[in-house]
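For reference, the structure is listed below as structure tokens.
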Amino acid sequence: MANGEFRLRVRYGKVGRLRWLSHLEVLHALERTVRRAGLPYAVTHGFSPHMKVAFGPALPVGTAGENEYYDIWLTRYTKAEELLSLLASAMPQDLAPTAAGYVGDSEPSLGAALTIARYQVEVTGKGSLTEQVHAAMKSLVDSGTLTVTHKGKHKVFDLARSLPEETRVTQSADGSRIELAVRIGPEGSLRPEALVRAALQSAQLDATVVRVTRTDTLIEQQEGLWARPL
């Protein structure tokens, strides 16, 4: 961080219809919001200067997020509460910020720090599915590995490592809700919908994944505790 810059961390949501925005579209929406709100943003140096902002792990198109984060660098100090109010008044409700605070220069980037993601996966189908979905998920997790094929490439996930806590299945208004935590990182992350679809297919259940929400993104600390970055 350059001298005279202030690193503001913002928590926000990407919900409703705007969950269908791509990561690049969210970035452009943020840039327009920051300019509209009149924030004193810093710019990068080099041949193509642009707003100095960095996001946490990108959300896939169609996946909602309830506790997402970005850092933005400012050239003038202003109380975080005032900045949060300015951003909230200029941003669409479905991308609204919910918290803001300054973080120090020594803090690692969000991309490096956030290593745990919690998800909710909604499944619908005929009849009462919850017990069957629970059995299907347990059977798949107990098998130990899952091979995911994407764009012709195969990746094998060690489920004991990828899923750091027990998966929970409960009944919802439209079917079943699966709550799980996944380790994320630059080496590749297991997509929760891929896991659930594989379990449904393996058990030959007549059910469909209808909604995926990333409910939290967290830092796994040395003691094994999980914490929010703000």
Side-chain angles (χ1 to χ4, degrees), residues 5-75 80 83-101 103 108-122 148 150-151 153 182 184-197 208-218 228-230:
E5 291 185 0
F6 304 90
R7 183 180 173 188
L8 183 75
R9 178 160 293 173
V10 180
R11 185 169 72 220
Y12 73 105
K14 178 188 167 191
V15 298
R17 290 191 305 162
L18 297 192
R19 72 184 188 277
W20 296 104
L21 292 181
S22 69
H23 185 64
L24 186 59
E25 289 170 324
V26 173
L27 170 61
H28 290 163
L30 172 63
E31 290 174 340
R32 288 193 295 270
T33 296
V34 169
R35 292 190 178 98
R36 195 160 49 235
L39 268 62
Y41 62 87
V43 297
T44 62
H45 300 290
F47 292 106
S48 180
H50 54 273
M51 189 178 293
K52 201 169 176 182
V53 60
F55 282 78
L59 276 171
V61 173
T63 298
E66 295 181 345
N67 290 290
E68 303 295 310
Y69 297 88
Y70 59 80
D71 288 345
I72 182 166
W73 283 259
L74 306 173
T75 58
L83 296 170
L84 178 63
S85 178
L86 288 170
L87 286 170
S89 63
M91 185 65 103
Q93 184 61 35
D94 285 350
L95 286 176
T98 55
V103 296
S109 69
L110 288 166
L114 295 172
T115 54
I116 298 288
R118 288 189 184 277
Y119 288 91
Q120 283 184 357
V121 182
E122 302 284 343
V148 176
H150 182 63
K151 295 183 178 179
K153 296 182 178 179
V182 175
I184 56 178
E187 70 281 357
S189 309
L190 174 61
R191 285 196 174 191
E193 63 270 34
L195 177 77
V196 173
R197 285 184 178 128
T208 306
V209 173
V210 292
R211 191 176 299 108
V212 180
T213 302
R214 189 158 72 187
T215 57
D216 231 332
T217 44
L218 303 160
R228 284 179 169 169
L230 183 63

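Note that the coordinates shown come from a computational prediction; the quantities given were computed from them, not determined experimentally.
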[Y] and [X], any side-chain heavy atoms less than 4.5 Å apart:
X      : Y      : answer
Val148 : Arg191 : no
Val121 : Leu195 : no
Leu95  : Thr33  : no
Tyr119 : Glu193 : no
Thr63  : Arg19  : no
Asp71  : Trp73  : yes
Gln120 : Glu122 : yes

Search all heavy atoms of [X] against all heavy atoms of [Y] and return the closest pair with its distance.
X      : Y      : answer
Met91  : Pro97  : CB-CD, 4.2 Å
Ala100 : Leu84  : CB-CB, 4.1 Å
Asp94  : Gly16  : OD2-CA, 3.7 Å
Thr75  : Tyr41  : CG2-O, 4.0 Å
Leu114 : Pro57  : CD1-CD, 3.7 Å
Ile184 : Ser189 : CA-OG, 3.2 Å

Taking the side chain from [X] and the backbone from [Y], do they hold a donor-acceptor pair closer than 3.5 Å?
X     : Y      : value
Thr44 : His50  : yes
Arg9  : Val103 : no
Lys14 : Leu21  : yes
Asn67 : Thr215 : yes

- request: Classify the ring geometry between Phe55 and Tyr70 as parallel (under 30°), tilted (30 to 60°) or perpendicular (over 60°).
  value: tilted
